[in-house]
Amino acid sequence: MLGRQVEAVLLLWLSCCVLAVWRYSMKSTIYSIFSTRSSIILEYEGDTFKSWDIPEGCKVQNKSSPKTLLYCKTPGNHKISPININDMQEDERLLTVDSSNICFLWYYTVVDVFFNLSQIITIWVYDPENASPEELQWTAKEPSVNSMVLTKQMNTLGQYPVIYTLEKGLKYDPGPLTPDGTWIIHLPMTSDDIIKQIRGNKVSFQDCFIASLQFLLTFPMNVISDPPEYEPLSLPAGSPLLASWHTCIPTFVLLATEHETFQTNNSFQTWTKVRAPPGVLTEAQRHSLRDVILLDQRILFLVEGTIYLKTKDSFKIIDENNGIAGTGILGFSKRRWCQIRYLYKLASKKSLLFAWSKDVVYAGYTNLRFLVFTTISKLKDVLKLSPGDTLEIMTVEYLWHPQEVAFMLSHCTDCSTIKDVRIVLFNSMHSKYVLQDFDIQVAKETQLDCRFLLSAMPDMILWDGHSTYYSHNNFTEVGIIETDSGNTNLSLIAEGSKVHNVVADTTGNILVKMENNDLFYIKDGIAEIVPLSRWVNTTAETALVLDKSFQVNILHYNQNLDEKYQLHLQSYPLVLELQSKNKGLEDMCPYLTFQHDVHSQFYHLDKGDSLTVWTQIVYPENRGLDILVDYYGSNILTWTQNTEYEIASGFCTKSMVFEISVGCDPTKYIQVQGFNNTRCHRRDFSYVIDKELLRDSPHENLKVRYEVAKYGCPRTVDMEEMFHPVVELYDENGFIKIVDANFILWEVHGRNDYMYNSTMQQNGCINEAQTWDIMIEENPGVPMEDIWGPQNYRPCFSYAIGTPGDLSQPYEIINYSNKNALKWSSSYAAMYVYRLKVLDPNYSFCNLTTYFAIESLGQIPRSSIYLVAALVFVLMLTFISVLVLSYFWYSKIYRRFIIEPLHKPPGKQKKN
């Protein structure tokens with residue numbers, strides 16, 4: 001009897017703890033303004049609620065209501081907890097309420113204008129405490145009355161929004177305030193500068209400022225919408241939700257459930273169903289999704305070991321015709337981190353994803369053509385294993401470094417109980433496999449997954465169904481993650497539930513979600529895991545995703561009894577939840593502030609460029625903190641650093657400056673001064689080049705089509721005028737500087753009837769300089785653009801380089817200071833189209849080339865003397881002939897009207 005009583009009490013306790021959960025929220029989803037001015041919504045989910053336990057510094061609207069409003073007018077940490085019907089306190093939280101004066105927010109709407117590829121951003125100010133429901137749910141199309149009044153008042157005080165782009169640092173200003181109480185800003189559509197921020201002036205109204213808003217705005221992404229007769233695609237019954245989002249656009253999401261697959265481009269404010277055409281898959285296949293990958297306008301499904309491609313208009317199998325096995329595929333993975341501005345030497349060689357079978361790894365490229373990347377036998381050679389050892393591919397993952405990929409392998413010899421997990425990295429720049437100093441042992445049946453984190457040195461998080469593992473600082477620190485009590489099995493804490501998924505953000509925060517919705521927190525670089533307070537009921541179907549501000553949110557999915565689906569995104573206040581947990585610990589932040597001026601993920605530094613970055617850390621005296629500079633990648637960087645210390649009022653300030661140098665900026669380009677392709681209003685035209693003026697001596701004249709869009713407007717030069725090109729360097733922000741390096745040029749259609757005005761000797765050459773004739777002879781059959789360039793440039797100013805020769809030859813290399821110029825024949829007019837290339841190998845990593853055209857007027861060509869004589873003879877003959885004919889014509893007239901009587905006298909009539 002006692003045993004049954006204990007069992008009953010245990011079941012009651014489990015029912016209470018599993019079904020009961022409480023949480024808090026704001027009217028706004030932006031928790032950065034969580035302050036004494038905010039009304040806090042308390043919500044208890046369960047049947048055992050009795051009342052709220054509230055501290056003295058706060059008051060609650062209805063203490064005995066499961067859902068009520070809380071107001072804390074005193075800043076600080078406030079203990080909040082519900083009391084159940086058994087008068088027991090449940091899950092106490094410490095809410096950190098700030099006294100900030102930032103309490104207003106920016107609201108914006110977007111209208112896409114496709115005819116000129118722009119976006120119209122309408123912006124206004126709103127107060128979350130007095131906003132409309134549409135504004136709070138981000139569905140408003142115009143400001144509410146309160147927001148309109150507030151916006152106009154702020155505008156009167158001098159407030160207006162400015163949009164900044166974080167990647168390129170561009171700034172967009174608004175027009176004047178409209179009568180509707182909004183500002184309008186026009187932006188170009190972009191896919192490489194997608195993170196933007198709305199900032200305002202430091203203007204307050206009623207002691208309240210406006211918080212800056214960071215958001216995502218990109219080129220519109222379309223979702224797939226299938227006809228009603230298409231058939232559902234789903235996970236096997238009982239599977240947890242599976243979410244996949246675009247690498248750079250987290251609001252573009254695909255969600256697979258055990259009933260349907262859904263797609264959204266706005267974080268599930270709206271969504272569509274993604275289905276398969278009838279008859280393509282069997283009933284069993286349609287309910288056997290194993291994984292999904294969402295690309296720009298394509299979706300890849302892994303169904304029973306086969307990959308299928310879904311587009312707007314097609315659904316087809318990816319098999320041997322695409323270079324990959326049609327069956328036996330165990331998994332696939334894509335890039336996890338957005339690297340829009342990274343420049344690949346060969347963009348066509350950039351892989352999009354990896355797929356693997358039991359013994360082969362395939363790499364997939366832009367056109368979804370696959371190639372065999374490596375095999376188990378090759379990986380065995382890398383690990384130096386015997387042929388009898390068992391080696392299996394567990395997963396393949398991209399690193400943060402865009403040129404590296406990791407193969408996670410399991411290795412065992414007898415394979416009875418345990419297996420070793422090994423990591424092999426492949427660097428595509430050097431085509432080299434490297435076995436890492438990583439080795440953990442797991443049970444034979446364990447399946448591991450992993451993610452590489454956003455860090456310069458490779459950091460990764462690994463997990464199986466019950467535990468998490470770490471590797472920090474380029475595989476120098478490896479182990480299993482445990483709680484503060486030493487527990488490594490998360491399932492024991494989560495009531496037997498397994499790990500569902502792991503999500504990491506760009507700041508090193510890692511959330512581990514269990515299938516029962518329990519959450520655990522890990523910080524990159526720390527080997528300890530913290531269980532968080534329960535936020536969602538254990539029976540809810542959820543997944544972790546990122547919103548438009550790149551914050552972790554909880555996606556809820558539910559199917560009603562009438563088979564209608566509900567999807568909604570719930571914001572999760574991770575920072576507040578962490579503060580609630582940390583307040584009970586003795587740990588404290590070791591520093592007061594850490595500041596720096598690093599504002600971009602990538603800095604493209606060309607040859608001769610340098611970058612100066614400062615960092616500063618302020619910490620209490622005797623803490624002994626330091627600033628470290630980590631370096632990872634090719635050994636082409638050099639830097640110097642300077643550290644300064646300052647101690648004042650018991651605090652120590654340490655700042656450090658360092659310089660680095662690297663790479664090619666893909667936005668750099670050159671153009672010849674005075675030439676601009678964008679402001680040319682001429683139309684395309686054609687002309688003919690005499691065969692005698694062409695380098696290759698063809699048998700016929702060459703007819704050329706002049707493309708204004710490609711070559712720009714030609715510049716007209718007068719007779720005897722010489723031209724010295726001045727080359728300007730630009731990037732996306734405009735003019736940088738005059739190019740002072742050597743450059744060469746050639747006429748793209750093969751003309752060779754132009755000259756240079758100075759010789760090799762006049763330019764200071766010691767040995768014979770390179771010329772086009774010499775380079776063409778040394779490189780037969782090579783295109784002109786590849787014959788001569790930085791790769792084979794040889795200066796003529798050193799005795800050690802080159803050979804003596806005729807220095808009276810024309811010098812065919814130009815730079816800004818040598819005043820070497822082009823000149824043309826003055827005996828005829830002609831059109832020349834030149835291509836210019838920077839020749840100096842020490843000037844830039846980039847291949848800097850441009851076009852320009854010259855129209856030389858010259859003199860009218862002198863005609864042949866025989867042709868002139870013949871023409872004169874014909875003209876004289878014609879003139880004399882006309883004179884003779886005129887003489888006879890007028891003589892006839894004279895005889896008729898002068899010599900002969902004008903009127904004949906009448907004759908006498910004959911009488912009868």
Side-chain angles (χ1 to χ4, degrees), residues 113-118 188-189 347-348 666-732 734-735 739 743-756 772 776 782-789 812 814 821-838 846-861:
V113 183
F114 289 97
F115 81 91
N116 62 358
L117 299 180
S118 66
M189 289 183 182
S348 61
T667 67
K668 275 188 178 179
Y669 65 95
I670 57 172
Q671 69 181 34
V672 178
Q673 190 178 76
F675 294 82
N676 192 317
N677 294 4
T678 61
R679 291 195 295 268
C680 186
H681 302 293
R682 295 183 61 170
R683 295 187 177 183
D684 292 357
F685 58 91
S686 299
Y687 61 95
V688 175
I689 304 176
D690 193 300
K691 61 183 179 181
E692 296 180 357
L693 304 178
L694 295 173
R695 184 186 299 275
D696 296 334
S697 302
H699 298 294
E700 297 180 353
N701 295 340
L702 178 64
K703 185 176 181 180
V704 172
R705 180 73 174 172
Y706 187 92
E707 301 177 32
V708 175
K710 183 176 182 180
Y711 304 129
C713 275
R715 175 174 174 175
T716 302
V717 297
D718 295 328
M719 180 174 49
E720 300 293 343
E721 180 182 353
M722 292 185 292
F723 178 66
H724 175 77
V726 176
V727 184
E728 299 173 331
L729 181 65
Y730 291 82
D731 65 8
E732 60 190 356
F735 175 76
V739 175
F743 56 87
I744 55 173
L745 50 82
W746 66 97
E747 212 283 333
V748 298
H749 301 303
R751 300 188 73 134
N752 63 353
D753 56 328
Y754 58 92
M755 298 153 284
Y756 298 85
W772 278 111
I776 291 173
V782 178
M784 288 290 288
E785 57 267 22
D786 299 327
I787 286 176
W788 192 6
E812 299 183 0
I814 308 175
L822 294 171
K823 61 180 183 178
W824 300 270
S825 173
S826 61
S827 61
Y828 54 87
M831 176 71 70
Y832 300 85
V833 180
Y834 291 101
R835 188 170 184 184
L836 184 149
K837 177 194 288 187
V838 173
C846 303
N847 182 27
L848 297 174
T849 65
T850 189
Y851 291 98
F852 70 96
I854 295 292
E855 185 177 10
S856 173
L857 294 181
Q859 296 179 348
I860 298 176

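Numbering of residues begins at 1 and proceeds along the displayed sequence.
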Between atom [atom1] of [X] and atom [atom2] of [Y], what is the distance when rounded to the nearest 0.5 Å?
X: Phe723; Y: Leu822; atom1: CZ; atom2: CG; value: 7.5 Å
X: Trp824; Y: Met722; atom1: CH2; atom2: CE; value: 10.0 Å
X: Met784; Y: Ile776; atom1: CE; atom2: CD1; value: 4.5 Å
X: Arg705; Y: Phe685; atom1: CZ; atom2: CZ; value: 9.0 Å
X: Glu747; Y: Ile854; atom1: CD; atom2: CD1; value: 11.0 Å
X: Phe743; Y: Leu848; atom1: CZ; atom2: CG; value: 12.0 Å

**Item:** Main-chain N/O of Gly789 paired with Lys837 side-chain donor or acceptor, under 3.5 Å
**Value:** no
Identify the heavy atoms of [X] and [Y] that sit nearest to each other, and give their distance.
X: Tyr669; Y: Asp731; value: CE2-O, 4.0 Å
X: Gln671; Y: Thr850; value: CA-OG1, 3.8 Å
X: Pro725; Y: Val672; value: CB-CG1, 4.2 Å
X: Thr667; Y: Glu732; value: CG2-OE1, 3.5 Å
X: Ser856; Y: Ser825; value: OG-O, 4.2 Å
X: Leu694; Y: His749; value: CD2-O, 3.6 Å

**Request:** Can you run down the salt bridge (charged side-chain N to carboxylate O under 4.0 Å, His left out) pairs that involve residues 689-698, sequence neighbours left out, and say none if there aren't any?
**Result:** Arg695-Asp773
**Request:** Can you tell me which residue pairs pass the salt bridge (charged side-chain N to carboxylate O under 4.0 Å, His left out) test with a partner in residues 823-832, sequence neighbours excluded?
**Result:** none
**Asked** Checking Arg715 against Phe852: charged group under 6.0 Å from the ring centre and within 45 degrees of the axis?
**Response** no
**Request:** Identify which one of Val727, Thr849, Ile744 satisfies the side chain to side chain contact (heavy atoms under 4.5 Å, CB included) criterion when paired with Leu836.
**Result:** Val727
**Request:** With sequence neighbours excluded, tell me which residues meet side chain to side chain contact (heavy atoms under 4.5 Å, CB included) with Phe115.
**Result:** Val113
**Asked** Taking only residues two or more places apart in sequence or in another chain, which ones pass side chain to side chain contact (heavy atoms under 4.5 Å, CB included) with Val726?
**Response** Gln673, His724, Ile738, Tyr816
**Item:** Qualifying residues under ring-ring contact (aromatic ring centres under 6.0 Å, His included), relative to Phe735, sequence neighbours excluded
**Value:**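 With sequence neighbours excluded, Phe735 shows a ring-ring contact (aromatic ring centres under 6.0 Å, His included) to Tyr730, given in chain and number order.
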**Item:** ring-ring contact (aromatic ring centres under 6.0 Å, His included) partners of Tyr754, counting only residues at least two apart
**Value:** Tyr834
**Item:** side-chain contact (heavy atoms from CB on, under 4.5 Å) assessment of Ile787 paired with Trp746
**Value:** CA-CA 11 Å; Ile787 286 176; Trp746 66 97; over 6 Å; no
Applying side-chain hydrogen bond (donor to acceptor under 3.5 Å, both in side chains), name anything that partners [X], two or more places apart in sequence or on another chain.
X: Ser697; value: none
X: Tyr706; value: none
X: Asn116; value: Ser118
X: Arg682; value: none

**Prompt:** Who passes salt bridge (charged side-chain N to carboxylate O under 4.0 Å, His left out) against Arg835, sequence neighbours left out?
**Reply:** none
**Asked** Residues two or more places apart in sequence or in another chain: which of them pass salt bridge (charged side-chain N to carboxylate O under 4.0 Å, His left out) with Lys668?
**Response**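 Testing Lys668 for salt bridge (charged side-chain N to carboxylate O under 4.0 Å, His left out), a comparison that skips the adjacent residues, returns Asp606, Asp609.
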**Item:** Heavy-atom side-chain proximity of Tyr711 to Asp684 below 4.5 angstrom
**Value:**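 Of all side-chain heavy-atom pairs linking Asp684 with Tyr711, none is under 4.5 Å.
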**Request:** Output, in order, the C-alpha distance, side-chain angles, deciding distance and verdict of side-chain contact (heavy atoms from CB on, under 4.5 Å) for Val833 and Arg751.
**Result:** CA-CA 9 Å; Val833 180; Arg751 300 188 73 134; over 6 Å; no
